Asks: 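Quick one: structure below, then a few questions.
Here the structure is a predicted model, which is why all the values come from computation and not from measurement.
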Amino acid sequence: MAGGSRLRAWGVTLGGLMAFLVVLTACAGPYQYYEGTGIHDAMAAEVAGVWENVEGTRVVLRKDGTALLEKLDGQDFDFEDGWRLSGTGTWQLTDDHGGQVVRLTLTARTRVERRSPATATDTSTPEPPSIYAWSFYVDRDQHDELKLFFFYGDPDIGNAYVMTRETGS
């Protein structure tokens, strides 16, 4: 009988461990372990230019490493705060083991907008940052054209904020 109790105790312990691991891995969203696009061939001159997205965001990456930002939303969970920043800053193209990344830093905020009027009246919304940094993954579309993106919101959903070359630039 003692062997059966011991076996049951091991079963309960193993079951508890399995339940813990299930809960732990359930929080690992699509981009929490994202290692990059694998792109290593983009040149800074190719990245420089005007970028836009469907929400009216516009980013100018100048060849001298300076940047102009218009209505750029926050990355990751900061997106949920609803602010959109405009101003000037700097950028650089880096090459990590998983692929290239454009590091964009807002150094002088000139304007703050809100995505929705409801957010603007919410007193619990944190003050938008006066400086901010984004990391855009560098990727190529089916036509071998560059696109830049970062993830936003709940990591379990994996929403991507995609910037494409401005039409006509």
Side-chain angles (χ1 to χ4, degrees), residues 29-96 98-169:
Y31 80 84
Q32 286 183 346
Y33 301 107
Y34 188 76
E35 295 197 21
T37 61
I39 300 293
H40 296 282
D41 64 348
M43 303 298 291
E46 185 181 11
V47 174
V50 183
W51 297 86
E52 63 186 1
N53 84 350
V54 296
E55 300 295 325
T57 298
R58 188 169 185 266
V59 175
V60 180
L61 303 177
R62 297 185 183 115
K63 289 182 181 181
D64 67 359
T66 60
L68 175 66
L69 297 71
E70 296 174 10
K71 302 179 187 176
L72 187 54
D73 295 284
Q75 188 169 345
D76 298 325
F77 279 114
D78 291 338
F79 182 85
E80 305 298 331
D81 292 337
W83 45 257
R84 308 186 83 203
L85 302 177
S86 296
T88 58
T90 61
W91 72 278
Q92 65 178 349
L93 177 64
T94 64
D95 198 346
D96 297 333
Q100 290 175 297
V101 175
V102 171
R103 309 244 184 245
L104 176 62
T105 304
L106 174 74
T107 57
R109 184 181 78 188
T110 57
R111 188 173 67 240
V112 175
E113 295 181 32
R114 300 283 179 182
R115 272 194 310 281
S116 71
T119 312
T121 60
D122 185 0
T123 57
S124 66
T125 302
E127 175 67 24
S130 56
I131 58 171
Y132 193 80
W134 293 264
S135 294
F136 285 90
Y137 293 104
V138 177
D139 201 3
R140 294 193 181 275
D141 65 15
Q142 67 273 18
H143 304 291
D144 206 33
E145 297 295 323
L146 286 183
K147 64 180 180 179
L148 308 176
F149 71 96
F150 62 78
F151 292 108
Y152 69 90
D154 185 340
D156 292 324
I157 296 173
N159 291 319
Y161 193 95
V162 181
M163 302 288 294
T164 55
R165 182 82 57 192
E166 183 180 58
T167 307
S169 71

Asks: Quick check: closest heavy atoms across Asp156 and Asp154, and the distance to 0.1 Å?
Replies: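 Shortest heavy-atom contact: N-OD1, 2.8 Å.
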Asks: Decide whether Tyr152 and Asp73 meet the rule of one side-chain donor and one side-chain acceptor closer than 3.5 Å.
Replies: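 No, Asp73 and Tyr152 have no side-chain donor paired with an acceptor closer than 3.5 Å.
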Asks: Side chain of Gln75, backbone of Ser135: donor and acceptor closer than 3.5 Å?
Replies: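 Yes, Gln75 side chain to Ser135 backbone: donor-acceptor pair under 3.5 Å.
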Asks: Nearest 0.5 Å, please: how far is CZ in Arg114 from CZ in Arg84?
Replies: 12.0 Å
Asks: Kindly give the heavy-atom pair with the smallest separation between Ala67 and Leu104, and that separation in Å.
Replies: CB-CD1, 3.6 Å
Asks: Testing Arg109, Arg111, Arg58 for salt bridge (Lys or Arg N to Asp or Glu O under 4.0 Å) with Glu70, which one passes?
Replies: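 Single salt bridge (Lys or Arg N to Asp or Glu O under 4.0 Å) partner of Glu70 among Arg109, Arg111, Arg58: Arg58.
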Asks: Nearest 0.5 Å please: distance from the CG atom of Asn53 over to the CE atom of Met163.
Replies: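 One gets 5.5 Å once the value is rounded to the nearest 0.5 Å.
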Asks: If every non-hydrogen atom of Val162 is compared with every non-hydrogen atom of Lys147, which pair is closest and at what distance?
Replies: CG1-CD, 4.3 Å
Asks: Roughly how far apart are Gln100 CD and Asp139 CG, rounded to 0.5 Å?
Replies: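 Here the interatomic distance stands at 11.0 Å.
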Asks: Donor-acceptor pair, Asp96 side chain versus Gly98 backbone, under 3.5 Å?
Replies: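 Here the side-chain-to-backbone pair does not exist.
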Asks: Quick one, Val112 with Leu85, criterion side-chain contact (heavy atoms from CB on, under 4.5 Å). Give me CA distance, side-chain angles, the key distance, then yes/no.
Replies: CA-CA 5 Å; Val112 175; Leu85 302 177; 3.9 Å; yes
Asks: Would you call Val47 and Trp91 a side-chain contact if the rule is heavy atoms closer than 4.5 Å?
Replies: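 Contact flag for Val47/Trp91 side chains = yes.
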Asks: Decide yes or no for Leu68 and Arg62: does some side-chain heavy atom of the first lie under 4.5 Å from some side-chain heavy atom of the second?
Replies: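 Yes, side chains in contact.
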Asks: Report yes or no: does Ser86 contribute a side-chain atom to a donor-acceptor pair with the main-chain N or O of Thr110 at less than 3.5 Å?
Replies: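 Pair absent, no side-chain N/O of Ser86 close to backbone of Thr110.
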Asks: Taking all atoms of both residues into account, what is the closest heavy-atom pair of Thr88 and Leu106, and its distance?
Replies: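 Looking at all heavy atoms of both residues, the closest pair is O-CD1, 3.4 Å.
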Asks: To the nearest 0.5 Å, how far apart are CG in Leu148 and CG in Leu61?
Replies: 7.0 Å
Asks: Say whether, by atom type as modelled, one donor and one acceptor occur between the side chain of Thr105 and the main chain of Gly89 under 3.5 angstrom.
Replies: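 No.
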Asks: Using 0.5 Å steps for rounding, measure from the CG atom of Leu146 to the CG atom of Asp41.
Replies: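 Going from the CG atom of Leu146 to the CG atom of Asp41 covers 8.0 Å.
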Asks: Could you check Glu52 against Thr167 for side-chain contact (heavy atoms from CB on, under 4.5 Å), going step by step and ending with a plain yes or no?
Replies: CA-CA 9 Å; Glu52 63 186 1; Thr167 307; 3.5 Å; yes
Asks: Thr164 vs Asp141, test: side-chain contact (heavy atoms from CB on, under 4.5 Å). Steps then yes/no.
Replies: CA-CA 10 Å; Thr164 55; Asp141 65 15; over 6 Å; no
Asks: Hey, which of Phe151, Phe150, Phe149 is the one that makes ring pair (Phe, Tyr, Trp, His ring centres under 6.0 Å) with Phe136?
Replies: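 Looking at Phe151, Phe150, Phe149, the match for Phe136 under the ring pair (Phe, Tyr, Trp, His ring centres under 6.0 Å) is Phe150.
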Asks: Would you say the ring centers of Trp83 and Tyr132 fall short of 6.0 Å from each other?
Replies: yes
Asks: Give the minimum heavy-atom separation between Thr107 and Ile131, together with the two atoms involved.
Replies: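 Scanning both residues, the minimum pair turns out to be O-CG2, 3.7 Å.
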Asks: Centre of Trp51's six-membered ring, under 6.0 Å away, within 45 degrees of the axis: is that where NZ or CZ of Arg165 sits?
Replies: yes
Asks: Between atom CD of Glu80 and atom CZ of Arg115, what is the distance when rounded to the nearest 0.5 Å?
Replies: 7.0 Å
Asks: Just say parallel, tilted or perpendicular for the rings of Tyr137 and Tyr34, cut-offs at 30° and 60°.
Replies: perpendicular
